[in-house]
Every structure is written in structure tokens, then in C-alpha cells.
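Step one of this worksheet: look at the structure below.
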Amino acid sequence: MRIGELSRRTGTPTRLLRYYEEQGLLTPGRLPNGYRDYGEHLVDRVQQIRGLLDVGLPTRVIKDVLPCLDTPCTITISDASEELVELLRRERDRMDARIACLARNRDAIDAYLAQVTASRGAV
DNA sequence: CTTCTGACA
DNA sequence: TGTCAGTA
């Protein structure tokens, strides 16, 4: 499929699809007319990439983890340099920190909302 | 009409 | 990341 269809099917701007390729995350083939040619399996791959990106992993790391990614949303255990393992462990810890921060902010909002609700009810 | 590369208020 | 340009 060409970039337009992949974009629609993944909800990813073509601009980003080309960017991911530039970063070595995708390597689509080329049609005789020069257009990029994406295989079906790349639909899932893009999902993987976006998911990892959303969690905060830089494209640099994703490029190394990519060969370990499986179709759905799982990460298959395969090779993995000690360096990559350590990097991922640090990323995991950063995720924990973000989760804790989000939880605090959520609780703060809950408290605020409770106040607003109470005052409105009183009046 | 769709995609391509390169550039930047 | 968005977007505009000038092509093929």
C-alpha cells in the first residue's frame, strides 16, 4: 500500500511516516514511480512505534527494540545487548516516575472537583 | 489527485 | 510536527 493508505489505517500523518523512515524505524520498498510501498505487517509496526513513542521512548531506542517487537503489541524475547537492557530499565523507572506524577495530579484534580461540586451544591 | 524531497513563520 | 513549494 502507498503512504496515504497506511496513514489512514494508522491515523499517522504522512509527514511522520516519512520521518520514522528517516530515523530507520521503517524501511518501505519503492514502487517503480518512486512512491513508498508499505507491506501489511507495517500497519502493526507503526502502531508499535507510536505506542513506544507515546510512552516516551526516543526513536533511537525504538530502533533497537523494533526487531524484538511482535505483531500485536507484545515484545518477544530475543537478543538484547546489556547496554540496551540497562537503557530499557532506566526507561521503565522513568515511566514509574511519570505514573506517580500523574496519580498526584489526578488526585489534586479530584480534590478540586470535590470542592467545586460541594460549593455548588451548598448554593 | 497522490506522493516526493527539502526547508522553515 | 505542520505546512508550503514545485515535481513526477
Side-chain angles (χ1 to χ4, degrees):
Chain A
M1 73 187 93
R2 295 179 311 190
I3 198 169
E5 186 182 342
L6 182 63
S7 176
R8 283 185 289 90
R9 293 174 58 178
T10 63
T12 306
T14 59
R15 171 74 176 75
L16 291 183
L17 255 18
R18 300 195 183 93
Y19 175 68
Y20 297 156
E21 179 183 352
E22 191 176 273
Q23 301 305 301
L25 273 42
L26 295 175
T27 49
R30 290 283 179 165
L31 268 30
N33 58 15
Y35 289 6
R36 267 164 268 250
D37 184 31
Y38 300 88
E40 290 298 317
H41 65 294
L42 291 180
V43 174
D44 279 319
R45 167 145 302 194
V46 172
Q47 300 290 320
Q48 296 283 342
I49 294 173
R50 302 224 71 183
L52 263 13
L53 245 25
D54 287 339
V55 177
L57 290 182
T59 57
R60 281 283 314 290
V61 178
I62 298 178
K63 184 181 180 182
D64 295 324
V65 183
L66 221 45
C68 304
L69 299 181
D70 214 321
T71 39
C73 255
T74 60
I75 296 178
T76 59
I77 315 158
S78 64
D79 57 328
S81 66
E82 290 307 309
E83 185 186 328
L84 177 58
V85 172
E86 283 309 308
L87 183 55
L88 291 178
R89 280 175 177 160
R90 286 198 291 280
E91 292 298 341
R92 194 216 73 95
D93 289 339
R94 293 177 60 181
M95 284 182 211
D96 263 355
R98 297 197 199 90
I99 291 172
C101 183
L102 286 173
R104 280 192 180 67
N105 289 154
R106 176 205 54 197
D107 292 343
I109 290 176
D110 279 343
Y112 174 82
L113 255 23
Q115 290 295 136
V116 176
T117 302
S119 61
R120 283 180 178 172
V123 176

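These numbers come from a predicted model, not from an experiment. So that the names make sense, note that chain A is the first sequence line, chain B the second, and so on, each numbered from 1.
Rounded to an integer number of Å, the gap from CZ of A:Arg30 to P of C:dA8 is 16 Å. Atoms CD (A:Glu5) and P (B:dT2) sit 13 Å apart, rounded to a whole Å. If you measure from atom CG of A:Leu31 to atom C1' of C:dA8, you get 14 Å, rounded to the nearest angstrom. Atom pair A:Arg2:CZ and B:dT2:P shows a separation of 8 Å (rounding to whole Å applied). Rounding to whole angstrom units, CD1 of residue A:Ile3 and P of B:dC1 are separated by 19 Å. A:Glu22 has its CD atom 15 Å from the P atom of C:dG2, to the nearest Å. Distance, A:Glu21 CD to B:dT5 C1': 12 Å, rounded to whole Å. One atom, CE of A:Met1, and another, C1' of B:dT3, lie 16 Å apart when rounded to the nearest Å.
Across all strands shown, the partner of C:dA8 is B:dT2, judged by Watson-Crick or G-U wobble contacts whose two distances both fall under 3.5 Å. Of all nucleotides present, none satisfies the Watson-Crick or G-U wobble test against B:dA9 with each distance under 3.5 Å.
The residue from A:Met1, A:Arg2, A:Arg18 that alone fulfils the side chain to side chain contact (heavy atoms under 4.5 Å, CB included) condition with A:Arg36 is A:Arg18.
Side-chain atoms of A:Arg18 stay outside donor-acceptor range of the base of B:dT5, with no qualifying N/O pair under 3.5 Å. In the interface, the side chain of A:Tyr19 is not paired with the base of C:dT1 through any donor and acceptor atom under 3.5 Å apart.
Taking both residues in full, the closest heavy atoms of A:Val61 and A:Leu88 are given as CG1-CD2, 3.9 Å, listed atom of the first, atom of the second, then distance.
No more than 12 heavy-atom neighbours from other residues, nucleotides or ligands sit within 6.0 angstrom of CZ on A:Arg120. In A:Arg60, the CZ atom is not crowded: 12 or fewer heavy atoms of neighbouring residues, nucleotides or ligands sit closer than 6.0 Å.
For the atom pair CG (A:Asp37) and CG (A:Leu42), the distance works out to 9.0 Å, reported to the nearest 0.5 Å.
In this structure, A:Arg8 reaches neither bases nor backbone, as no heavy-atom distance under 4.0 Å exists between it and the strands shown.
When distances run from any side-chain atom of A:Pro13 to the nucleotides C:dG2, B:dC4, B:dT2, the shortest one goes to C:dG2.
Of the two residues near DNA chain B, A:Arg15 and A:Asn33, the one whose nearest nucleotide lies more 5' is A:Asn33. Position along DNA chain C of the nearest nucleotide to A:Arg50 versus A:Tyr35 favours A:Arg50 as the more 5'-ward residue.
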